[in-house]
Amino acid sequence: MELLTPHTGTIIWMTIAFLVVFLVLKKFAWKPILNALKTRDESIGEALKSADRAREDMARLQADNENILAEARLERDKIIKEARDLKEEIIGEAKNKAVEEADKLIASARESIKNEKTAAIREIKEQIAEFSVLIAEKLLQEKLEQDTQQKDLINKYLHEIKIN
Amino acid sequence: MTEGKAFRIIPVFVILLYILKPINASEEPKQNHQDHTEQQTDHYTDNSEHQTEEHNTHEAFEPGKFMFDHISDAYDWHIIDIGKKSVSIPLPIILYSSESGLNVFMSSKFHHGHASFRNFHIAAEGETVNHKEVKGKIIETLSDGTKVIPFDISFTKNIASLFIGIILILWIFISVGKAYQKKPIKAPSGLQSWVEPMIIFVRDEIAIPSIGIKKYEKFLPFLLTVFFFIWINNMLGLVPFFPGGANLTGNISVTLVLALFTFFITTISGNKTYWKHIFNTPGVPWWLKVPIPLMPFVEFLGVLTKPFVLMVRLFANITAGHIIALGFLSLVFLFGEMGKIQGYGISIVSVGFIIFMTFLELLVAFIQAYVFTFLSAIYFGMAVEEHH
C-alpha cells in the first residue's frame with residue numbers, strides 16, 4: 001500500500017471511528033471529568049477562601065480578645081484602685097468615728113465618773129456625817145456628860161472636818 | 001507514588017518488547033542465512049531437494065522492502081514467522097465494485113497475497129492499473145479482462161489497530177469518568193491519578209493559554225480527545241508486536257482525518273474578526289489587496305497549509321521513528337547475511353540503539369500529541385479571538 005497517498009477506506013474508517021470516540025468520550029468521559037475537576041477546583045478554592053476568612057476571623061478575634069483583656073485589666077486596676085480608696089476612706093472614717101466615739105465615751109465616762117464621784121463624795125459625806133453622828137453619839141453618850149471641855153473639842157473637830 | 005510506578009513500568013515494558021522483537025523478526029533472515037548455506041552445500045552435495053519454490057521467493061534481505069512492509073498498512077496482521085510458516089491474523093476485506101457489488105470476505109482467502117479470490121487479487125510489484133503503480137492494492141479483474149481498483153473499505157491492519165486503540169481509550173476514560181461521577185470532590189485514585197495530570201495539563205497548559213479562559217471550554221473535549229488519541233496510538237505503535245506495532249499515527253490517512261477535524265472546527269468557529277483578518281487583513285497597504293488580492297491569497301493559503309502541516313508533521317515524525325528503529329534492526333540482518341559473528345556483533349549495537357530510540361520515541365509520542373493538540377488549540381484561539 002502506498003505510504004504518501006491517503007487511502008479512502010482508511011479515511012472513512014478513521015473519520016467514523018474518531019467521530020464516535022469523540023462523541024462518546026465527550027458525553028461519558030470529558031463531561032463528568034471536567035465537571036468534577038471544576039467542582040473540585042471550586043471547592044478547593046472555596047475551602048482556601050474560607051480558611052483565609054477563618055484565619056482573619058481568628059486574628060480579629062485575637063485582637064478583640066487582647067483589647068478586651070486590656071480593657072479588663074484597666075477596669076480591674078480601676079476597680080482595685082477604687083476599692084483601695086474606698087478602703088482607706090472607710091478605714092479613715094472608721095478611725096475618725098472610733099476616735100469620736102472614744103472621745104464621746106471618754107467624755108461620758110468622765111462625766112459619769114464625775115457624777116459618781118460627787119455622788120460618792122456626797123455619800124461619803126453622808127456616811128461620815130452619820131458615822132460622825134454615831135461616833136459623836138457614842139462619845140457623847142460616854143463623855144458628854146463629863147465635861148464641857150470635851151464638848152468644845154468635839155465641836156472643834158467637827159468644825160475641822162469640812163469636806164471641801 | 002503509584003503514578004511514578006506506572007510511568008516507570010512503561011519504558012521497561014517497551015524495552016522488553018524490543019528485545020523480543022529481533023527474535024520474532026529474525027526468523028526471516030535466519031532463513032536467508034540458512035538458504036545461503038544451503039546454497040553452498042548444494043554445490044558440494046548436489047542435494048536438489050532443498051531447491052524448492054521457497055528458495056526463489058527468499059532473495060537477499062532488502063532493508064527498504066522490510067521497512068516499507070512494516071510501516072505500511074496491510075490486509076492481514078502479520079504476527080510471526082515460525083520456520084517457514086507465516087502466522088497472521090486474517091482481517092475482513094470489504095470491497096465494492098460496480099460489477100460484483102459488495103464483497104466481504106477474510107483476507108486469509110488471498111493466502112498472503114499469493115492467491116486470488118473471486119475476481120480480486122493483491123497487486124504484485126510492477127503491476128499497473130491505468131499506468132499507475134498499484135503494488136499492494138486489491139485489484140479486480142473485470143469479466144472483459146480489464147483491471148480496476150474497487151472501492152476498498154477493508155478492515156486493514158491499521159483499522160484493527162485503530163479499534164484496539166479506541167477500545168483502550170474508551171475503557172480508560174469511561175472508567176475514569178465513572179470514577180469522577182461517583183466521587184467528584186475526592187482525591188483521585190488509581191487510573192484517575194495517572195490521567196488527571198494529563199487532563200489538567202491539556203486544560204491549563206494548552207487550551208486556556210491558546211484559546212483564552214472565556215472560550216476554551218467549547219474546544220476542550222476535542223483537544224483532549226485528539227491529545228489522548230494521538231498519544232495512546234503513538235505508544236501502541238511503539239509496541240513491536242500484536243496488539244501494537246501498526247504504524248497508525250504514521251499513516252497519512254489517519255493524520256489527514258485528524259487535521260481535517262481541526263480544520264473544520266477552526267473554519268466553523270471562525271468569527272467575523274477571523275474572516276476579516278483573512279480577506280481584508282488589517283494593517284496592510286491597500287495595493288496588496290486591490291486590484292490583485294495578494295494578501296487574501298496568502299492568508300487563504302495559510303488557512304489550508306495549517307492543517308496540511310499538522311497532517312505531515314505527525315505522519316513524518318511517527319513514520320521516521322519507526323523507520324529508524326527498523327533501520328537499526330535491518331542492520332542485524334544485513335550483517336547476519338555476511339556471517340554469524342557479524343550478525344550477533346552488530347545486534348548488540350543495534351539493540352542498544354533501538355533501546356535508545358525507543359526512549360526517544362516515547363518522548364516523541366508525547367511531544368507529537370502535545371504539538372498537534374497545541375497547534376490545534378492555537379488555530380481555535382485565532383478563530384475565536386475577539387477584535388482588539
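All values below come from the heavy atoms of this structure, side chains included, with hydrogens, waters and symmetry mates left out.
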In Å and rounded to the nearest 0.5 Å, what is the CG to CH2 distance from B:Leu162 to A:Trp13? 9.0 Å
Mind ranking B:Gly250, B:Pro221, B:Ser175 by heavy-atom pairs under 4.5 Å with chain A and telling me who comes out on top? B:Pro221
Taking it one step at a time, do B:Phe315 and A:Leu4 satisfy side-chain contact (heavy atoms from CB on, under 4.5 Å)? CA-CA 9 Å; B:Phe315 157 75; A:Leu4 283 168; 3.4 Å; yes
Rounded at 0.5 Å granularity, tell me how far CD in B:Glu217 sits from NZ in A:Lys38. 3.5 Å
Please look at A:Ser43 and chain B and tell me whether the side chain, the backbone, both or neither of the residue comes under 4.5 angstrom of a heavy atom of that chain. side chain
With side chains defined as the heavy atoms from C-beta onward, is the minimum distance between B:Asp152 and A:Thr8 less than 4.5 Å? no
Portion of B:Asn247 that has a non-hydrogen atom of chain A nearer than 4.5 angstrom: neither
Please state whether the side chain, the backbone, both or neither of B:Ile94 comes within less than 4.5 Å of a heavy atom of chain A. side chain
Heavy-atom contact with chain B under 4.5 Å, split by part of A:Asn35: neither
Could you grab the distance from atom NE2 of A:His7 to atom OG of B:Ser154, nearest 0.5 Å is fine? 7.0 Å
Between B:Val312, B:Leu224, B:Val254, which shows the greatest number of heavy-atom pairs under 4.5 Å with chain A? B:Leu224
A:Met14 vs B:Leu258, side-chain contact (heavy atoms from CB on, under 4.5 Å): CA-CA, chis, key distance, verdict: CA-CA 9 Å; A:Met14 175 63 191; B:Leu258 289 172; 3.7 Å; yes
Part of B:Phe173 within contact of chain A (heavy atom distance under 4.5 Å): both
d(A:Thr5 OG1, B:Ile252 CD1) to nearest 0.5 Å is 8.5 Å
Minimum heavy-atom distance A:Pro6-B:Ser253, with the two atoms named: CA-OG, 3.4 Å
Contact leader toward chain A among B:Gln192, B:Glu196, B:Lys178, where contacts are heavy-atom pairs under 4.5 Å: B:Glu196
Side chain, backbone, both or neither: which part of A:Ile12 has a non-hydrogen atom closer than 4.5 Å to chain B? side chain
What's the separation between atom CZ in A:Arg40 and atom OH in B:Tyr180, rounded to the nearest 0.5 Å? 5.0 Å
Atom group of A:Ile44 that falls short of 4.5 Å from chain B, counting heavy atoms: neither
Give the minimum heavy-atom separation between B:Phe261 and A:Thr15, together with the two atoms involved. CZ-O, 4.0 Å
Under 4.5 Å, counting heavy-atom pairs only, tell me which of B:Asn158, B:Ile199, B:Leu260, B:Ile200 racks up the most with chain A. B:Ile199
Heavy-atom distances under 4.5 Å only: say whether B:Val195 touches chain A with side chain, backbone, both or neither. neither
Rounded to the nearest 0.5 Å, the CD1 atom of B:Ile174 sits from the CG atom of A:Leu25 at a distance of 6.5 Å
Looking only at non-hydrogen atoms, find the nearest pair between A:Ile33 and B:Gly177 and report the distance. CG1-CA, 3.8 Å
Contacting region of B:Phe228 [heavy-atom separation from chain A under 4.5 Å]: side chain
With distance as the sole criterion, is a donor-acceptor pair present between the side chains of B:Thr225 and A:Trp30 under 3.5 Å? yes
